[in-house]
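Below: one structure, written as structure tokens.
Model, not experiment: these values are computed from the prediction.
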Number of protein chains: 2
Amino acid sequence: MTEAAPAAMTRIQQKNRDLILEGALTAFSANGFRGATIDQIARAAGLSKPNVLYYFASKDEIHKTLLTTLLEMWLDPLRRLDPQGDPLSEVLAYIRAKLMMSRDFPRESRLFAYEILQGAPHLTEVLGGGLRQIVDDSAAILGRWMDEGRLRRVDPHHLIFSIWALTQHYADFDAQVRAVLGASRDPIAEAEGFAEDLYRRLLAP
Amino acid sequence: MTEAAPAAMTRIQQKNRDLILEGALTAFSANGFRGATIDQIARAAGLSKPNVLYYFASKDEIHKTLLTTLLEMWLDPLRRLDPQGDPLSEVLAYIRAKLMMSRDFPRESRLFAYEILQGAPHLTEVLGGGLRQIVDDSAAILGRWMDEGRLRRVDPHHLIFSIWALTQHYADFDAQVRAVLGASRDPIAEAEGFAEDLYRRLLAP
DNA sequence: CCTGATCCTGACCGTTTGGTCAATATTCCG
DNA sequence: CGGAATATTGACCAAACGGTCAGGATCAGG
């Protein structure tokens with residue numbers, strides 16, 4: 001309903017909608033849905049508040065559009081698990097990809113973190129639908145590798161959870177990580193080595 | 001300054017402050033700091049809004065009091081790492097304790113999650129001070145065990161981060177875990193087995 | 001250059017929210 | 001009991017916020 005006719009869109013529309021979503025990503029990821037104001041979003045986008053509402057009917061719609069747009073990108077690495085590939089390499093590549101996303105797209109990570117913390121009011125359909133499907137599919141691939149003895153047997157769903165938890169931790173709880181580690185260290189670079197070691201140990205048959 | 005004279009406190013004061021903090025924990029952990037309103041807190045506590053402000057000068061002070069009060073309890077399991085104990089048992093016991101806290105105190109977990117997501121504006125001193133100290137101390141214990149060859153060598157800080165990430169994931173992202181796993185499963189009970197396997201593999205020398 | 005569609009904004013509105021205050025009720029204690 | 005200390009509340013306030021709207025600026029196409 002929000003994207004009924006995406007075909008017809010002016011250059012200006014395209015540009016301003018992008019600006020708004022970009023500003024909204026910054027605002028929502030910094031303060032959560034309720035903490036972010038339309039004024040903040042407008043300022044970050046370089047537009048006036050009424051102009052923002054000219055392109056999006058409500059704050060809610062901006063948020064929803066952001067979530068659904070970014071979810072695609074967010075889950076992409078999991079979809080890339082290649083059933084034909086080498087199991088351990090595939091898993092380690094996935095972990096590396098997720099860590100790089102925490103490094104390069106921390107705002108996106110925090111956006112989802114806020115949403116899920118809140119009980120995912122805007123994502124319930126997606127969570128129980130598309131997400132679950134993708135996770136189940138990936139878990140099935142992992143399970144098959146385990147059946148074949150090419151990966152140690154563990155619960156595939158919890159394996160995925162643990163990878164999410166660990167990799168997103170460095171984006172979501174960055175403030176804590178930095179406070180504990182100090183300013184001079186590079187948390188994510190270090191995490192790469194740690195995570196590889198961890199999951200190699202766990203999964204090597 | 002907030003707790004200048006804790007000695008003098010009426011029964012009524014004690015009871016109502018507790019009620020308020022209890023209600024605030026529910027409100028803040030469900031909606032974050034900005035998402036929670038004093039009215040919500042008051043209703044949850046069974047008091048009127050002005051009465052809540054009679055016991056706490058501001059919403060901010062309620063939040064700060066909650067955080068500092070609960071941080072103690074939250075970090076307690078880490079303090080319990082016994083340098084004299086069996087290394088692997090100690091770590092596994094810590095993990096089990098953290099998982100039980102995710103099960104029994106999910107509100108506390110989410111309260112901290114929100115705060116740190118936001119950049120920990122109310123915890124900066126604590127993070128860089130007390131927390132860092134405790135983590136460094138624990139990391140030192142773990143490091144010594146590794147020196148002695150009683151634990152496999154990994155980065156102690158990232159080991160702690162990974163335990164936090166995994167165990168708190170089940171409280172903070174409960175909505176997602178439940179959506180993916182379905183209603184009939186018991187995530188945390190399953191996680192216990194998974195986590196023990198994971199860290200036994202990683203750390204057994 | 002004209003005109004209709006698109007784009008943009010200042011001013012405004014109703015509601016919510018954090019917080020205040022004067023007045024009243026309740027408790028405590030000599 | 002009586003009065004001081006403590007506790008409680010309805011009414012209120014100013015600021016912030018999401019959202020509206022009428023009117024003006026700008027742009028695209030003929």
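- Per the geometry, CD belonging to Gln13(B) stands 15 Å off P belonging to dA5(D), to the nearest Å.
- Looking at Arg103(B) and Asp174(B), no side-chain N of the basic residue comes within less than 4.0 Å of a carboxylate O on the acidic one, giving no salt bridge.
- Between the side chain of Arg152(B) and the main chain of Leu203(B), no donor-acceptor pair closer than 3.5 Å is present.
- Taking 4.0 Å as the cutoff to heavy atoms of chain A, we find the contact window on DNA chain C bounded by dT6(C) to dT17(C).
- With respect to the salt-bridge test (charged N to carboxylate O, under 4.0 angstrom), the residues Arg79(B) and Asp137(B) do not qualify.
- Put simply, the side chain of Glu90(A) never gets that close to the backbone of Leu81(A): no donor and acceptor are under 3.5 Å apart.
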Q. Given Leu202(A) and Phe194(B), is the side chain to side chain contact (heavy atoms under 4.5 Å, CB included) satisfied, shown in steps?
A. CA-CA 10 Å; Leu202(A) 176 70; Phe194(B) 176 84; 4.1 Å; yes

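- For an aromatic pair to be called close, the ring centres must be under 6.0 Å apart, and Tyr170(B) with His158(A) satisfies this.
- Between Phe33(B) and Tyr114(B), the gap from one ring centroid to the other reaches at least 6.0 Å.
- DNA chain D lies under 4.0 Å from no heavy atom of any residue of residues 112-120 of chain A.
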Q: Classify every nucleotide of nucleotides 14-30 of chain D by which part a protein heavy atom approaches to under 4.0 Å, writing B for the base, S for the sugar-phosphate alone and - for neither, in 5'-to-3' order.
A: ---SBBBB------S--

Q: Quick one: do Tyr199(B) and Ser162(B) satisfy side-chain hydrogen bond (donor to acceptor under 3.5 Å, both in side chains)? Show the steps, please.
A: CA-CA 10 Å; Tyr199(B) 286 100; Ser162(B) 76; 2.7 Å; yes

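- Salt-bridge check for Arg107(B) with Glu22(B): passed, with a basic side-chain N closer than 4.0 Å to an acidic carboxylate O.
- For the pair Asn16(B) and dT8(D), the criterion of a side-chain N or O lying under 4.0 Å from OP1 or OP2 is met.
- Between Asp186(A) and Arg178(A), no side-chain nitrogen of the basic residue sits less than 4.0 Å from a carboxylate oxygen of the acidic one, so the salt-bridge criterion is not met.
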